[in-house]
Amino acid sequence: MDYMLAALEEAKLCLKTDDVPVGAIIVKNNQIIGIGRNQREELHSATAHAEVQAIQSATQSINSWNLSGTTMYVTLEPCPMCAGAIVQARIKHLIYGAQDPKGGSISLNLDILNNPRLNHRVSYEQGSYADQCSHLLTNFFKEIRKKKAQNNKPGP
C-alpha cells in the first residue's frame with residue numbers, strides 16, 4: 001500500500017470543512033494504526049492538526065502513548081508543535097510531502113525532530129508525491145483568495 005496516497009486521500013476530506021488540506025497516517029508493521037486530518041476549523045481547535053489527530057488515533061488503537069517503531073506519513077512538513085508531538089510520541093520515522101517554508105520546523109531549521117538534547121530523535125525525509133501534496137494546498141489557497149476577492153466586490 002502507498003501510505004502517502006492514503007494521507008493525500010485523508011487530506012482531501014478537509015475540503016468539505018474548509019480546513020487546510022493536510023492528512024497524516026501512522027503505520028506500524030505495515031498496518032495503518034492511526035489516521036488524522038487537519039480539523040482546526042471543524043473542531044474550532046488550534047491544536048487539531050493532522051499529525052496530532054493521527055497520533056491520538058494511533059495511541060487509542062494500540063492503547064499506549066508510546067508509538068515506537070512507527071512511521072508517520074504526512075502531506076505537509078510538520079510545524080514546530082507537531083514536530084514536538086511526534087518526538088513526544090516516540091515515532092521512529094517521518095515522511096512528509098510538501099515543504100512549508102513559512103511554518104515547517106525543518107524548513108525553519110528548528111531541529112526539533114533530530115535534536116541531540118532531546119531524549120528521542122526522529123529520522124525524516126521528504127517522500128514521494130511532494131508535487132501532488134503541494135498542488136492540493138496551492139489550489140486550496142487559490143480558491144480561498146478567489147472567494148475572498150468575490151466577497152469584496154462592490155454590487156451592481
Side-chain angles (χ1 to χ4, degrees), residues 1-28 30 32-59 67-149:
M1 171 176 230
D2 194 322
Y3 300 116
M4 189 59 82
L5 277 180
L8 259 169
E9 289 306 311
E10 193 65 24
K12 290 175 185 174
L13 295 174
C14 296
L15 300 174
K16 297 177 184 176
T17 58
D18 290 331
D19 273 299
V20 176
V22 181
I25 302 290
I26 298 177
V27 176
K28 185 170 187 162
N30 295 316
I32 294 174
I33 63 166
I35 299 172
R37 69 179 179 277
N38 183 22
Q39 293 181 285
R40 291 189 316 167
E41 298 297 332
E42 183 179 356
L43 299 178
H44 308 291
S45 173
T47 61
H49 290 205
E51 299 92 331
V52 172
Q53 302 298 81
I55 289 168
Q56 289 176 340
S57 171
T59 59
L67 299 177
S68 293
T70 62
T71 299
M72 176 182 279
Y73 296 80
V74 63
T75 59
L76 180 64
E77 175 188 344
C79 72
M81 175 187 72
C82 292
I86 291 165
V87 169
Q88 290 300 314
R90 307 296 193 265
I91 290 171
K92 180 180 180 179
H93 189 64
L94 168 73
I95 301 172
Y96 65 93
Q99 290 183 312
D100 186 359
K102 293 182 180 180
S105 63
I106 298 161
S107 291
L108 295 172
N109 294 318
L110 295 178
D111 198 25
I112 296 168
L113 295 168
N114 207 6
N115 191 316
R117 292 175 291 183
L118 296 175
N119 62 350
H120 179 74
R121 285 166 233 18
V122 179
S123 61
Y124 60 87
E125 65 184 287
Q126 187 173 26
S128 57
Y129 303 104
D131 289 342
Q132 290 91 326
C133 294
S134 182
H135 186 70
L136 180 63
L137 289 158
T138 300
N139 285 343
F140 172 79
F141 287 113
K142 277 183 186 175
E143 286 299 313
I144 294 289
R145 286 189 294 276
K146 186 174 163 182
K147 286 178 187 175
K148 193 180 267 189

Indicate yes or no: at least one non-hydrogen side-chain atom of Glu42 is less than 4.5 angstrom from one of Asp19. yes
Between Tyr124 and Ile86, is the side-chain contact (heavy atoms from CB on, under 4.5 Å) condition met? List the steps. CA-CA 11 Å; Tyr124 60 87; Ile86 291 165; over 6 Å; no
Atom of Val52, atom of Cys82 and distance for their closest heavy-atom approach: CG2-SG, 4.1 Å
Show me the side-chain donor-acceptor pairs of residues 125-134 shorter than 3.5 Å, one per line, residues at least two apart or across chains.
{"residue": "Glu125", "atom": "OE2", "partner": "His93", "partner atom": "NE2", "Å": "2.7"}
{"residue": "Gln126", "atom": "NE2", "partner": "Gly97", "partner atom": "O", "Å": "2.7"}
{"residue": "Tyr129", "atom": "OH", "partner": "Asp2", "partner atom": "OD2", "Å": "2.9"}

Do you know the tightest heavy-atom contact between Val22 and Ala11? C-CB, 3.6 Å
Is a side-chain donor or acceptor of Arg90 paired with a backbone partner of Gln88 at a separation under 3.5 angstrom? yes
Is there a side-chain contact between Pro21 and Leu137, using heavy atoms and a 4.5 Å cut-off? yes
Applying side-chain contact (heavy atoms from CB on, under 4.5 Å), run through Lys28 and Leu67 and close with a yes or a no. CA-CA 8 Å; Lys28 185 170 187 162; Leu67 299 177; over 6 Å; no
Which residue pairs pass the side chain to side chain donor-acceptor pair (under 3.5 Å) test with at least one member in residues 98-113, sequence neighbours excluded? Glu77-Ser107
Residue pairs meeting side chain to side chain donor-acceptor pair (under 3.5 Å), one or both in residues 49-59, sequence neighbours left out, come to Gln39-Gln53
Scan for ring pair (Phe, Tyr, Trp, His ring centres under 6.0 Å) pairs involving residues 71-90, sequence neighbours excluded, and state none if there are none. Tyr3-Tyr73
Thr75 side chain near Glu10 side chain, heavy-atom distance below 4.5 Å: no
With no hydrogens and no angle check, is any side-chain donor or acceptor of Asn38 less than 3.5 Å from a backbone partner on Val20? yes
From CA spacing to verdict: side-chain contact (heavy atoms from CB on, under 4.5 Å), Arg145, Lys148: CA-CA 5 Å; Arg145 286 189 294 276; Lys148 193 180 267 189; 5.6 Å; no
Once you round to the nearest 0.5 Å, how far does CD1 of Ile112 lie from CG of Leu118? 8.5 Å
Nearest heavy-atom approach of Leu94 to Val74 is CD1-CG1, 3.7 Å
Just verifying a value: how many Å separate Ile33 CD1 and Thr71 OG1, rounded to the nearest 0.5 Å? 10.0 Å
Side-chain contact, heavy-atom cut-off 4.5 Å: His120 with Val122? yes
Lys12: partners by side chain to side chain contact (heavy atoms under 4.5 Å, CB included), with sequence neighbours left out: Glu9, Leu136
Kindly write out the residues that satisfy side chain to side chain donor-acceptor pair (under 3.5 Å) with Lys92, not counting sequence neighbours, or none if the list is empty. none
Distance-minimising heavy-atom pair for Ala6 and Ile32: CB-CD1, 4.5 Å
Identify the two heavy atoms, one from Met72 and one from Ile26, that lie closest to each other, and give their separation to 0.1 Å. CE-CD1, 3.8 Å
How close do Ala24 and Ala50 get, heavy atom to heavy atom, and via which atoms? CB-O, 3.7 Å
Test log, rule side-chain contact (heavy atoms from CB on, under 4.5 Å), inputs Ile91 and Ile55: CA-CA 9 Å; Ile91 290 171; Ile55 289 168; 4.0 Å; yes
